[in-house]
Amino acid sequence: MGSVKRIVRNNQTAWQQVEENVIVVTNQTRKMHILQGIGGRIWELLENSINQDELIENIQNEYDAPPWQIQEDVERFLKELSEKTMIEIIG
Amino acid sequence: MKTIWDKVKQDLKQKAIPLNVLIELTRKCNVNCCHCYNFKDNAELSFDQVKKIAVQLRRAGALFLSLTGGEVFTKNDIFDICFYLRKMSFDLSIFTNGTLIDQNNINKIQDIGLSEVGISIQGSSAETHDKIVGVKGCFGKSINAIKLLKSKKIPVNLKCTLMKDNFQEYKQVMELAADLEVPCIIDPIISPKDDGTKDVLKHRLDDEQLFSFFENQLSQVQAFDKVEDDFTCPAGIVMASISANGDVYPCIQLPEKLGNVFETDFKDIWTNSVFLNKMRKNHKIKACADCRLIDYCTRCPGLAYLEDGDAFGISSIACLNAAIYEKIIKGKTKK
């Protein structure tokens, strides 16, 4: 059975995409983060609340790597974003 | 070792992305500071106008917006504006005198998600502060605002313009900030008014006071970093300013009008301005090329423009400050 986790950007962040970089500022920690490449693409996909499986599937379709590898990497990345208060994982 | 952020910053600078934009929401003000540089024409931006500006700024790459005035909380639509800008994912800070922040609106201010609120405090006593801002009772209200903001965990700092009128108590202002547990920014810069008149400069510290202030501030500094170029200032490169009637400037302190956002898109103004492109070329100031004080110089193109008539020329106040810095630093070295 698939994950029912939904991912949303933390609305306390501020961000801007400047060419290939996404600059994210977290209000709680006042830290600046730079997302590049797939990280930036994931941030883009979080424009609206999205199911974690759906997000992973999108990345699997867009990037050339073993699906299990992408799943692991994306899950780890989302956990990191959550720890840095950039996103909220619901469910 | 350079971090990713260092590399991104360099890239932003090279591409002149206006990451930081100061928006003058209104020139209306409920106080009357003796050293104010602003026009007194009550111009202000409507909520609809701010929305148009925000869309243009987003497209141009802006991230950090600072709202200033006049006094921004005199605007009835200030909360609509702030919530809208935050919804557009801008990082938002506000400069205010704090007199209109109270128990009735503090929760709403907290909800905005501001990254910083700068409160101007011009003295450590009500007598000095109220005299400078021209309205009795302001000091207590501004201090109360700082306490309220702190109680809601909203980042707040105390900003003080140092002048002859409050010089005698700037150390007490620093102590006040320490007591309130907020950062303190003391700035001795007083600019000529935007209409070109210079009578406000009479409030500037004299040389002896400047020396004393810089000496105190530099007590932890061993030497100045060598100035790499004459335009280390971010104005016109990664920093822009938009006035209460939509005029675009490199900086609020450099009132060289580049265009108006209600006539031309901000990005076009920012990209195609002849003045900005000249600033960005990073060329040396010819008149300063052989100056022995160059290592101590913190030249501001805006003050050079306002006081000496040429953003690309000598800044007399920078020359004065540099001479003082040199004297202090050399004095420290001799010891």
Side-chain angles (χ1 to χ4, degrees), chain A residues 6-52 54-55 58-59 63 65 73-74 76-90, chain B residues 2-21 54-67 82-94 109-117 149 152-157 183 237-238 240 266-267 270:
Chain A
R6 293 200 71 77
I7 319 291
V8 288
R9 288 180 191 156
N10 181 343
N11 63 12
Q12 288 295 306
T13 59
W15 65 275
Q16 173 65 284
Q17 173 137 21
V18 184
E19 297 179 352
E20 70 274 23
N21 300 304
V22 178
I23 305 168
V24 184
V25 189
T26 49
N27 208 346
Q28 286 101 323
T29 58
R30 298 306 307 151
K31 283 193 176 162
M32 198 164 324
H33 308 274
I34 309 290
L35 304 178
Q36 297 177 314
I38 301 177
R41 175 62 183 142
I42 289 174
W43 189 260
E44 194 182 355
L45 288 166
L46 296 174
E47 175 74 40
N48 299 303
S49 162
I50 189 169
N51 184 305
Q52 182 168 302
E54 212 181 315
L55 175 68
N58 267 296
I59 299 296
Y63 292 88
D73 289 350
V74 172
R76 191 169 54 242
F77 181 69
L78 291 173
K79 189 167 174 271
E80 202 182 321
L81 294 187
S82 173
E83 283 165 1
K84 290 177 175 168
T85 71
M86 295 158 76
I87 61 166
E88 289 173 49
I89 302 175
I90 303 161
Chain B
K2 276 193 171 179
T3 63
I4 292 176
W5 173 235
D6 290 331
K7 287 176 192 160
V8 172
K9 267 198 297 190
Q10 186 63 29
D11 195 40
L12 294 168
K13 197 177 165 188
Q14 272 168 6
K15 289 173 181 160
I17 303 294
L19 203 65
N20 310 278
V21 181
V55 170
Q56 292 183 30
L57 291 180
R58 194 76 200 159
R59 206 161 42 218
L63 172 58
F64 301 99
L65 301 189
S66 302
L67 304 181
C82 289
F83 284 117
Y84 179 81
L85 294 174
R86 282 292 298 123
K87 202 172 174 189
M88 285 191 76
S89 301
F90 287 111
D91 182 276
L92 196 61
S93 59
I94 281 182
I109 293 171
Q110 185 184 29
D111 290 343
I112 296 169
L114 293 166
S115 60
E116 184 183 274
V117 179
L149 290 160
K152 297 292 177 183
K153 301 193 187 315
I154 301 166
V156 53
N157 61 49
I237 303 170
V238 291
F266 176 88
K267 199 170 178 179
W270 194 251

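Below, chain A is the first sequence line, B the second, and so on; all start at residue 1. Since the model is a prediction, treat every value here as computed from it, not as a measurement.
In summary, of the residues considered (A:I89, A:N51, A:L55), a side chain to side chain contact (heavy atoms under 4.5 Å, CB included) with A:R6 occurs for A:N51 alone.
Salt bridge annotation for A:E80-A:R76: absent, with no cationic side-chain nitrogen under 4.0 angstrom from a carboxylate oxygen. We find that B:D111 and B:K152 are not joined by a salt bridge, their nearest charged nitrogen and carboxylate oxygen being 4.0 Å or further apart.
Remark: A:K79 pairs with A:E83 by the side-chain contact (heavy atoms from CB on, under 4.5 Å) rule, at least two apart or across chains. Under the side-chain contact (heavy atoms from CB on, under 4.5 Å) criterion, B:I17 pairs with A:V18, B:L12, B:K15, not counting sequence neighbours. Taking B:N157 as the reference, B:E116 meet the side-chain hydrogen bond (donor to acceptor under 3.5 Å, both in side chains) condition, with sequence neighbours excluded.
If you measure heavy-atom distances from B:R58 to chain A, the contacts under 4.5 Å come from both the backbone and the side chain. At a 4.5 Å heavy-atom cutoff, B:L85 makes no contact with chain A through either its backbone or its side chain. Using a 4.5 Å cut-off between heavy atoms, A:I34 touches chain B through its side chain atoms alone.
Per-residue counts of heavy-atom pairs under 4.5 Å with chain A were compared for B:F90, B:F64, B:W5; the largest is that of B:W5. Each of B:V8, B:L114, B:L63 has some count of heavy-atom pairs under 4.5 Å with chain A, and the biggest count is that of B:L63.
Considering every non-hydrogen atom in both B:F266 and B:P18, the closest pair reads CE2-CG, 3.6 Å.
The closest donor-acceptor contact from the side chain of B:D11 to the backbone of B:K7 lies at 3.5 Å or more, if one exists at all.
Residues of residues 9-17 of chain A having a heavy atom under 4.5 Å from any heavy atom of chain B, listed by number: A:N11, A:Q12, A:T13, A:A14, A:W15, A:Q16.
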